[in-house]
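One structure below.
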There are 2 protein chains.
Amino acid sequence: MRVALVSTVLPINQVLHGNCVEIMQTLPDNSVDLIFADPPYNLQLGGELHRPDNSRVDAVDNDWDQIGGFDEYDLFTCGWLEEARRVLKEDGALWTIGSYHNIFRVGTFLQDMGFWVLNDVIWRKSNPMPNFKGTRFTNAHETLIWAAKHKTSKVTFNYAAMKSLNDGVQMRSDWTLPICSGGERLKAGDGRKAHPTQKPESLLHRVLLSTTHPGQIVLDPFFGTGTTGAVARKLGRKFIGIEADADYVTLARQRIEAISPGDASALQVTASKRSLPRIPFGNVVEAGLIKPGDTLFCAQGRRTARVRADGSVTGGGETGSIHQVGAAVQGAPSCNGWTFWHIRRNGTLMPIDVLRSRIRAEMEEA
Amino acid sequence: MRVALVSTVLPINQVLHGNCVEIMQTLPDNSVDLIFADPPYNLQLGGELHRPDNSRVDAVDNDWDQIGGFDEYDLFTCGWLEEARRVLKEDGALWTIGSYHNIFRVGTFLQDMGFWVLNDVIWRKSNPMPNFKGTRFTNAHETLIWAAKHKTSKVTFNYAAMKSLNDGVQMRSDWTLPICSGGERLKAGDGRKAHPTQKPESLLHRVLLSTTHPGQIVLDPFFGTGTTGAVARKLGRKFIGIEADADYVTLARQRIEAISPGDASALQVTASKRSLPRIPFGNVVEAGLIKPGDTLFCAQGRRTARVRADGSVTGGGETGSIHQVGAAVQGAPSCNGWTFWHIRRNGTLMPIDVLRSRIRAEMEEA
DNA sequence: TACTTCATTGAATCCTTAC
DNA sequence: TGTAAGGATTCAATGAAGT
């Protein structure tokens, strides 16, 4: 048995040729930010599944063998998932994709291992292959699972960017995207499709844009012809690809080589407000934008509070922060004082958040 | 231990009160044509959740949904699935529904027991509850599994009826249907919803219409307030309902009693209006038709904006949607960005609406 | 009556940082 | 580790109330 040598230098932006479990064994613990895994679906095993002794798993087509088939598939799934989990950073997350042939099993093992499911996401194919025999519903979707390494992991989620990508409404758990075809579909030398299940770049675009920051490292243990790497390069993310098939490795390397990496300025996305620097309300008073003794109003002008020199306010018999008093006067469990309270300027009410924005802008100029 | 007495007469069109496993034990082998099961999802909710307007979300906090950890839930799942399988005819099929909390486990056990998955079907909710805290994708769907008792079972599938229901094109594995609300939603005496997870009749309509013939017997072991029975009666199918909660049993009996059987015409109201699908500008970026960093021009070429990876654009000192920035650079109150903005292709300017049309065309090709 | 506005609500594993 | 505090966060449908 081969002894894995753990490297200290990550093979960034490389396509590694070999068995994904063995190669992941050479990577250190807690080292990648995201994993995207598109494992074999246990449909056409295509020689990609092997038993621990390296004998090939034969295709099976009766009930008894089918259950045996699940056993083999389950072993295979646990194998790569365990290594993937070890390599993943504590605040990292994993995406995997599959169909009803395999996704229930992958999802169950994920949960049993302690991964924390954040969403299951449906890729609705706008142009799926029909069911030619008319015996079932058109199999028009695949299922992705987005899961954190732990329940407590602080994963990356670019909420505002997703909302922006969806014309200003919250992105849903079902994504309608066309399958990979046309010029995007890689062809082999004989003009036929190079890979049977090449994923569309639009799918990876959404995965990487939503759950990574530029510069973060994405590991794809079933790299195929390198869609993950191609999109990572376009979006300024780093990747590590692992692929067992030598032809695919060659194709993927050529494909990624030909892509000009996205420049940083074009990769700016809508930032979430949570990531902006925190401004205490006292700074607004200190800056003279509001004076001690000034009155704050709610949007309707019916509730009021009085500003004090230290940035606390008094209203409804309470004294405290703008948030605490805002919550108190409404009898609400919480309140964002920045948007709740207003000041009167030129006869109209203006949210005090405008003043915070002014201070933030001044900080930018410095 | 209680000894189950197996009856030879099926309790057709009855709502049985009790534990579903114990009651199924009184039913003979191979006796029902279809099973529809909506088991507890075992949601593990934290504390209270409030909407941005500070109103409290009325969550599912019923005892019956708290099964325990994965181990207990798995035992529970195996228990009802085994009995369900025994009671099912050899050519019968089972539907079950769930979310990512439980569906992977149910699906895995189904497969392990020898059920043969025919489709997983996605119920896309047209009006789901949003993710109020902006921490994940809107959980906008639930997953159904349709599985035959055996791989070789000759199950009922009304292909033509489904095609007709879908305006003459093959029914897909994703179904867009609204959640249960309005007059259909059963209310308790206090005017609040009687059951936290009542399913829409449109969903059961599609399930029963697609996979049963009139006169066949449908068993629902988690009957709740009886949606399965109500739709079965409307569609001329027979049902057996089992429900552990006495209040739900009473409500279900009243509900079904009030339905005139075979009155299917009342259900023909869910026909979908076909309007042009809304395409967010972000889809054009994801599809690679425009790249992050590309420049948009107005028709005269004098105003420009720069495209970002999340589908927002920057121009005239503003960042936002194509519509917002289009309005800003003109100093106009509003703007249709699809017709205002152009891209340069082969030396000429072309409205970006052309790219939207291209995406719509791909979606139509299905 | 027609239209607008506002309040309500739905299977939800729903915050983050500093002390 | 827990606690306290700042402050970020919603879409579609229904129905009642107001104009």
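Here is how names work: the chains are called A, B, and so on, in the same order as the sequence lines, proteins then strands, and each is numbered from 1.
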Quickly work out the A/Asp174 CG to D/dC11 P distance and round it to whole Å. 14 Å
State whether the side chain of A/Asn119 and the backbone N or O of B/Arg136 hold a donor-acceptor pair below 3.5 Å, judged by distance alone. no
Is it the case that the side chain of A/Thr211 and the backbone of A/Phe157 share a donor-acceptor pair, with hydrogens and angles ignored and the cut-off at 3.5 Å? no
If you look at every strand shown and take non-hydrogen atoms under 4.0 Å, does A/Asp353 touch a base, only sugar-phosphate, or nothing? nothing
Rounding to a whole Å, what distance do you find between A/Gln300:CD and C/dT5:C1'? 14 Å
Do we count A/Trp116 as stacking onto C/dT13 if the rule is ring centres under 5.5 Å and planes under 30°? yes
By the 4.0 Å heavy-atom rule, please label B/Gly47 as base, sugar-phosphate, or nothing. base
Out of C/dC15, C/dA12, C/dT13, minimum distance to the side chain of B/Lys133 belongs to C/dC15
Reckon A/Cys335 touches a base, only the sugar-phosphate, or nothing at all at heavy-atom distances under 4.0 Å? base
Gap in Å between the two C1' atoms, one belonging to C/dA11 and one to D/dG15, rounded: 23 Å
Would you measure the distance from the P atom in C/dT13 across to the matching atom in D/dG7 and give it in whole Å? 27 Å
Is there a donor N/O on one and an acceptor N/O on the other, under 3.5 Å, for the side chain of A/Arg356 and the base of D/dG7? no
Looking at every strand, decide which applies to A/Gly337 at a 4.0 Å heavy-atom threshold: base, sugar-phosphate, or nothing. nothing
Are the side chain of B/His323 and the backbone N or O of B/Gly337 linked by a donor-acceptor pair below 3.5 Å? yes
A/Gln324 side chain: which of D/dA5, C/dA11, C/dT9 is closest? D/dA5
Selection from C/dC15, D/dT10, C/dT13 that lies nearest to any side-chain heavy atom of B/Arg136: C/dT13
Which comes earlier along DNA chain D counting from the 5' end, the contact point of A/Ile279 or that of B/Asn127, where each point is its nearest nucleotide? A/Ile279
Kindly give the heavy-atom pair with the smallest separation between A/Arg308 and A/Val313, and that separation in Å. CG-CA, 4.4 Å
Side chain of B/Arg185 only, heavy atoms from C-beta on: which candidate in C/dG10, D/dA13, D/dT9 is closest? C/dG10
For the pair B/Trp146 and A/Phe137, name the ring-plane relationship: parallel under 30°, tilted 30 to 60°, perpendicular over 60°. perpendicular
Quickly work out the B/Arg56 CZ to D/dT10 C1' distance and round it to whole Å. 17 Å
Tell me what B/Ser126 touches on the nucleic acid: a base, only sugar-phosphate, or nothing, going by heavy atoms under 4.0 Å. sugar-phosphate
Taking pairing as Watson-Crick or G-U wobble with both contacts under 3.5 Å, can you name the mate of D/dG7, or confirm there isn't one? none
Do B/Trp175 and B/Arg124 have side chains that get closer than 4.5 Å, going by heavy atoms? no
Among the candidates C/dT9, C/dG10, C/dC14, find the nucleotide nearest to the side-chain atoms of B/Lys193. C/dG10
Would you indicate which nucleotide in D/dG7, C/dA12, C/dT9 comes nearest to any side-chain atom of B/Tyr100? C/dA12
Between the side-chain atoms of B/Lys199 and the base atoms of C/dA11, is any donor-acceptor pair under 3.5 Å? yes
I want to confirm an ordering. Mapping A/Met171 and A/Arg274 to their closest nucleotides on DNA chain D, which one lands closer to the 5' end? A/Arg274
Pairing nucleotide - C/dA12, Watson-Crick or G-U, each distance under 3.5 Å: none
Distance criterion of 3.5 Å, no angle test: do you see the side chain of A/Ser334 paired donor-to-acceptor with the base of D/dA8? yes
Nearest-Å distance, CE (B/Met129) to C1' (C/dT13)? 12 Å
Applying a 4.0 Å non-hydrogen cut-off, can you work out what B/Pro178 is touching in the nucleic acid: base, sugar-phosphate, or nothing? nothing
Side-chain N or O of B/Asn139 closer than 4.0 Å to phosphate OP1/OP2 of C/dT13: yes
We want to know whether A/His150 and A/Glu90 form a side-chain donor-acceptor pair, criterion being a heavy-atom distance below 3.5 angstrom. yes
Let's see if you can work this out: which of C/dT8, D/dC11, D/dG6 has an atom nearest to the side-chain heavy atoms of A/His323? D/dG6
Donor-acceptor pair, B/Tyr41 side chain versus B/Ile103 backbone, under 3.5 Å? no
Walking DNA chain C from its 5' end, the first of B/Thr197 and B/Gly134 to be reached, judged by nearest nucleotide, is B/Thr197
Closest heavy-atom pair, A/Leu289 versus A/Arg345, reported as atoms and distance to 0.1 Å, is O-NH2, 2.8 Å
Does C/dT13 sit syn or anti, given that only angles within 90° of 0 count as syn? syn
Using a heavy-atom cut-off of under 4.0 Å over every strand shown, decide if B/Asp58 touches base, sugar-phosphate, or nothing. sugar-phosphate
Tell me: CG of B/Leu45 to C1' of C/dC14, nearest whole Å? 10 Å
Separation between the P atoms of D/dA5 and C/dC14, rounded to whole Å: 23 Å
Over how many whole Å does the gap from B/Lys125 atom NZ to D/dA13 atom P extend? 14 Å
Whichever of B/Leu43 and A/Val155 has its nearest DNA chain C nucleotide further upstream toward 5': B/Leu43
Between C1' on D/dA13 and CZ on B/Arg51, what's the gap in Å once rounded to a whole number? 13 Å
Go through C/dA12, C/dC15, D/dT9 for me and flag the one nearest to the A/Tyr159 side chain. D/dT9
Going by ring centres under 5.5 Å and near-parallel planes (under 30°), is A/Trp338 stacked on D/dG7? no
Please determine, for the side chain of A/Asn336, which listed nucleotide (D/dT14, D/dA8, C/dG10) has the closest atom? D/dA8
Of the nucleotides C/dT9, C/dC14, D/dA8, which one has an atom closest to the side chain of B/Thr135? C/dC14
Looking only at atom C1', what distance separates C/dT8 and D/dT10, rounded to whole Å? 13 Å
Distance, rounded to the nearest Å, where A/Arg278 contributes CZ and D/dA8 contributes P: 8 Å
Contact class for B/Pro200 (heavy atom, under 4.0 Å): base, sugar-phosphate, or nothing? nothing
